[in-house]
There are 2 protein chains.
Amino acid sequence: MQYFCVPALDEIDHLLLGLVQVDAARPLHELGDAVGLSPSAVQRRLLRLRTAGVIRAQVALVDPAAVGAALTAVALVALVDDDADHHAAFRDTMLAEPEVQQCFSIVGQWDYVVVLVTADLAANRALSRRLFADAPAVRRYETLPAYEAVKSGLTVPLPAAERR
Amino acid sequence: MQYFCVPALDEIDHLLLGLVQVDAARPLHELGDAVGLSPSAVQRRLLRLRTAGVIRAQVALVDPAAVGAALTAVALVALVDDDADHHAAFRDTMLAEPEVQQCFSIVGQWDYVVVLVTADLAANRALSRRLFADAPAVRRYETLPAYEAVKSGLTVPLPAAERR
DNA sequence: GCGGGCACGCAAAAATATTGCACGGCGGCC
DNA sequence: GGCCGCCGTGCAATATTTTTGCGTGCCCGC
């Protein structure tokens, strides 16, 4: 958003990102050994990456099933028209709902793809109804419940890190 | 998968999960203050949650745009039939590709929803071709490039945490 | 060839995480 | 009803990790 100046990530930065993206709890000296740098150098790089917005957050990944969120579903949504207010309102709703895990505005006959995480089909139905069926801005929607999450990885592919 | 015994998460556990899900770098005494527990009690609870598999990992969230992964796309994929081998092979491919951020097997006319993150449309095209067009198991696929990631939140909604 | 800025390593200091231990509540069992 | 063992807690000591200050070397521009 407002990081103008991503100051030329070098190869070591990419390596570090690849590492912390998998496990952010490792001590600095381990990361340092892995990339051939001292702990303090690693620390300063990570700080720079954080303040530059390259590292946006450091979070714990919780197993949805363990907290009673067993059902993932993908919803395709089309709004009634391309009115900017409608879109803004829809986005605000998506951002405000904790069950909405992801939301993309997309090209094509649908306007949005939304990933919903709920306890079960009943909860999903109630949520879909509330978010989509009852929303005047929504023209049409389709819910695709997931049998299974083959991959819910959250890591971003790092072109430079792969190369070597 | 193999945590049989998620040993009855109580309300404090839910609060902790809600906190570390947003920011896993906070010191224990802060978490302790937030939930009304001593740092060591918090530490032991988090350890228990980690070993029980409730907390699966602790990762850094990297801004895709900052590492040259500017394009997110959603692909809908249908396989040629419900042969188990085909499905297994497809899943293995999805798991192995770093550009595949998420993959769900879903109900309905499509078999899978796949979230792809690539540098640009050209890269996406090349990847789609390699993963889907050239795969004999894939009958049909459709790519929906994203204009924008409205929400790429990665947190799981916690029923108990919301209640209060 | 000569500064100036930048990133580094090292070491001291501060903060944080971990572990041992004793206490108190709770449930099962005489 | 009372007793015993278990579990989770807080506190304090210890170990580890992070942060910071400082001096050095390198590279770029002048």
Side-chain angles (χ1 to χ4, degrees), chain A residues 3-63 66-68 158-161 163-164, chain B residues 3-63 66-68 158-161 163-164:
Chain A
Y3 44 79
F4 322 0
C5 196
V6 181
L9 306 189
D10 65 9
E11 191 177 336
I12 292 184
D13 288 321
H14 284 294
L15 285 172
L16 282 176
L17 288 175
L19 291 169
V20 296
Q21 206 171 221
V22 172
D23 181 4
R26 293 172 68 177
L28 296 174
H29 69 83
E30 271 190 41
L31 298 175
D33 289 346
V35 304
L37 235 49
S38 75
S40 42
V42 173
Q43 204 269 351
R44 280 185 272 251
R45 274 172 184 264
L46 290 177
L47 181 65
R48 190 166 57 87
L49 292 171
R50 271 194 293 265
T51 58
V54 177
I55 293 178
R56 285 207 289 214
Q58 195 174 132
V59 304
L61 263 36
V62 176
D63 187 332
V67 294
L158 299 174
R163 264 185 234 131
R164 39 183 42 237
Chain B
Y3 44 78
F4 321 2
C5 198
V6 182
L9 305 190
D10 65 10
E11 189 178 336
I12 292 183
D13 288 321
H14 284 294
L15 286 173
L16 282 177
L17 289 175
L19 291 170
V20 296
Q21 206 172 222
V22 172
D23 181 3
R26 293 173 66 177
L28 296 174
H29 69 83
E30 271 190 38
L31 299 174
D33 289 347
V35 305
L37 234 48
S38 76
S40 43
V42 172
Q43 204 268 351
R44 279 186 270 253
R45 274 173 183 263
L46 290 178
L47 181 66
R48 189 167 58 85
L49 292 170
R50 271 193 294 265
T51 59
V54 177
I55 293 178
R56 285 206 290 210
Q58 196 174 128
V59 303
L61 264 35
V62 175
D63 186 331
V67 294
L158 298 174
R163 264 185 235 133
R164 44 179 35 234

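Just the heavy atoms: all of them, side chains too, but no hydrogens, waters or symmetry mates, feed the values below. Every chain is numbered from 1, with letters handed out A, B, ... down the list of sequences.
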Mind calculating the distance between [atom1] ([X]) and [atom2] ([N]) to the nearest angstrom?
X     : N      : atom1 : atom2 : answer
A:R45 : C:dA7  : CZ    : C1'   : 8 Å
B:L46 : C:dA17 : CG    : C1'   : 11 Å
B:H29 : C:dA15 : NE2   : C1'   : 8 Å
A:L16 : C:dA7  : CG    : P     : 14 Å
A:L37 : C:dC10 : CG    : P     : 11 Å
B:R26 : C:dA17 : CZ    : C1'   : 16 Å
A:D13 : C:dC6  : CG    : C1'   : 14 Å

Do any N or O atoms of the protein come closer than 3.5 Å to N or O atoms of nucleotides 18-20 of chain C, and which pairs are they?
unit_1, atom_1, unit_2, atom_2, d
C:dT18, OP2, B:Q43, NE2, 2.3
C:dT18, O5', B:Q43, NE2, 3.1

Report yes if some heavy atom in the side chain of [X] is under 4.5 Å from a heavy atom in the side chain of [Y]; otherwise report no.
X     : Y     : result
A:R56 : B:V62 : no
B:L49 : B:V20 : no
B:L46 : B:L31 : yes
A:I55 : B:D63 : no
B:L61 : A:V59 : yes

Please figure out whether A:P27 or B:V42 has its closest DNA chain D nucleotide nearer the 5' end.
->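 Nearest nucleotide further toward 5': that of B:V42.
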Identify the 5'-most and 3'-most nucleotides of DNA chain D with at least one atom closer than 4.0 Å to a non-hydrogen atom of chain A.
->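 On DNA chain D, the outermost contacted nucleotides are D:dT17 to D:dG21.
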Checking A:D13 side chain against A:D10 main chain: does a donor-acceptor pair fall under 3.5 Å?
->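 Answer holds: yes.
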Nearest-0.5 Å distance, [atom1] of residue [X] to [atom2] of residue [Y]:
X     : Y     : atom1 : atom2 : value
A:Q58 : B:D23 : CD    : CG    : 7.0 Å
A:R45 : A:L16 : CZ    : CG    : 6.5 Å
A:H14 : A:L19 : NE2   : CG    : 13.0 Å
B:D33 : B:R26 : CG    : CZ    : 9.0 Å
A:L37 : A:Q43 : CG    : CD    : 12.0 Å

Just report the end-to-end axis angle for the helix from C:dG1-D:dC30 to C:dC30-D:dG1, five pairs per end, to 10 degrees.
->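 Taking the rotation axis at each end, their angle is 30°.
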